[in-house]
Amino acid sequence: MFHDFQYPAILAASNRAAWQLDDVIGPGAALDFSKPFMPENLARTGALDMLSESEKLTLNHVRAHEYLSIFGLVEEFILPFVMDHVRADLPNADDVRVRALMQFAAEEAKHIQLFKRFRDLFAKGFGVGCEVIGPPHAVSKIVLAHQPLSVALFVLMIEWMSQSHYVDSVRGTSELDPLFANLLRCHWIEEAQHAKLDTLMVEALAEGMTTGELKAAVDGFLEIVAFFDIGCQQQAKFNAQALERAALRKLPAKQRAALIEQQHQALKWTYLGSGLRHKQFRTTLGALSPAELARIDAISPQFC
Ligand SMILES: [Fe+2]
Ligand SMILES: [Fe+2]
């Protein structure tokens with residue numbers, strides 16, 4: 001066993017960590033558009049020489065709006081997925097396990113609301129519309145059509161990814177807008193329990209599976225990854241359009257194509273690579289099957 005995750009300790013940690021929406025984004029909350037919202041490690045706007053400094057900052061803000069939207073999007077399928085998982089075990093499930101998983105689902109419902117509140121506040125201050133991929137129910141339908149272990153692996157990747165976003169790129173920095181940095185901190189605090197619960201879900205779903213069954217589950221996981229990669233490319237195009245609207249200029253075609261290509265990679269890193277490369281995600285997968293981990297490790301550099 002490579003971890004000591006236990007339902008009672010996770011439930012207790014969840015109770016201690018819980019925050020209210022108004023603590024994070026209350027009625028008087030304001031975003032400071034003179035500062036970046038997203039860490040440069042994820043936004044990767046600094047290297048875009050075709051943009052002025054103020055345009056780089058604007059694109060950073062567009063990336064933040066995208067982050068709110070894409071996390072809202074993924075949480076819309078995580079919520080029913082977790083509820084189905086716990087429902088399948090009733091009425092004979094362990095009480096503490098049921099409470100821990102119900103709390104996981106309730107926290108994701110709260111996060112969906114949190115991200116919407118931030119998007120509304122963003123829209124008031126940003127001034128021009130930012131288009132996003134979706135709609136969430138259509139994405140949910142495609143993701144949840146895969147077998148449970150494929151989905152659980154994808155959710156596990158997302159949970160650990162949210163941990164690395166805060167710990168590796170936000171904690172200890174002072175240049176970001178404080179309200180947005182605190183959103184990432186609060187999300188990190190509750191997602192820490194989700195990552196552990198999802199590890200336990202993956203292990204439960206994988207129990208007794210043959211090598212061939214595990215391979216099929218990872219095939220399904222990779223289909224979801226490929227689906228999101230297409231989404232990242234479309235979102236990079238939407239972001240370029242939002243930037244042009246906000247900057248009141250059209251980029252020359254070659255510069256525009258280069259920006260979209262570079263930003264597609266930045267989105268791949270944000271939503272896929274930073275999870276695929278996460279030590280804990282790799283450890284869980286490697287414990288199920290070293291061969292399947294080797295497959296993931298072989299493809300992950302293209303998402304970094
Ligand atoms: Fe969340
Ligand atoms: Fe989560």
Side-chain angles (χ1 to χ4, degrees), residues 3 5 7 9-11 13-25 37-38 42 64-86 97-119 132 134 136 139-140 143-144 148-171 179-205 221 224-225 228 270-272 274-276 278 280-281 284:
H3 64 74
F5 304 158
Y7 289 107
I10 298 169
L11 179 62
S14 164
N15 288 333
R16 281 194 304 273
W19 39 258
Q20 301 300 314
L21 283 179
D22 280 347
D23 300 337
V24 188
I25 179 167
F37 297 168
M38 287 289 281
L42 305 177
H65 179 271
E66 155 224 299
Y67 193 89
L68 298 168
S69 308
I70 292 190
F71 262 92
L73 188 80
V74 298
E75 296 192 337
E76 295 242 12
F77 67 74
I78 296 176
L79 174 55
F81 179 71
V82 173
M83 290 178 75
D84 286 350
H85 184 76
V86 66
R97 180 174 173 278
V98 171
R99 284 187 61 206
L101 289 170
M102 294 293 283
Q103 213 141 297
F104 178 172
E107 284 164 4
E108 295 298 30
K110 182 174 72 176
H111 298 174
I112 290 169
Q113 211 186 342
L114 173 76
F115 291 131
K116 281 182 183 162
R117 271 203 201 182
F118 263 88
R119 279 176 70 178
V132 288
V139 172
S140 217
V143 172
L144 296 178
L149 183 55
S150 304
V151 181
L153 285 167
F154 194 75
V155 175
L156 180 68
M157 186 195 77
I158 292 167
E159 310 291 8
W160 285 122
M161 189 174 86
S162 73
Q163 299 300 285
S164 82
H165 289 174
Y166 180 73
V167 174
D168 299 340
S169 306
V170 178
R171 188 163 64 182
L179 193 73
F180 204 86
N182 192 46
L183 159 86
L184 296 171
R185 187 185 70 84
C186 290
H187 197 224
W188 162 69
I189 286 173
E190 291 193 342
E191 293 291 314
Q193 283 67 250
H194 301 183
K196 292 175 184 174
L197 289 170
D198 209 67
T199 302
L200 297 171
M201 281 169 65
V202 163
E203 288 171 355
L205 290 165
F221 166 77
I224 304 172
V225 168
F228 269 82
T270 304
Y271 303 109
L272 299 167
S274 61
L276 292 170
H278 197 286
Q280 300 264 29
F281 172 74
T284 298

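Heavy-atom basis, side chains included; hydrogens, waters and symmetry copies ignored. One-based numbering, in listed order, for ligands and for the atoms of each.
- More than 12 heavy atoms of other residues, nucleotides or ligands sit less than 6.0 Å from atom CZ of R117.
- Looking only at distances, no side-chain donor or acceptor of K116 sits under 3.5 Å from a matching main-chain atom of G72.
- The Fe ion (ligand 1) forms the vertex of an angle spanning OE2 of E75 and NE2 of H187; to the nearest 10 degrees it equals 90°.
- The closest approach of H111 to the Fe ion (ligand 1), by N/O/S atoms, is made by ND1.
- Classification of the H3-F5 ring pair by plane angle, with boundaries at 30° and 60°, yields parallel.
- Taking the six-membered ring where the residue is Trp, the centroids of F154 and F228 are separated by under 6.0 Å.
- Computed with the Fe ion (ligand 1) at the centre, the E191 OE2 to E108 OE1 angle is 100°, stated to 10 degrees.
- Rounded to 10°, the angle that ND1 of H194 and OE1 of E159 form at the Fe ion (ligand 2) is 110°.
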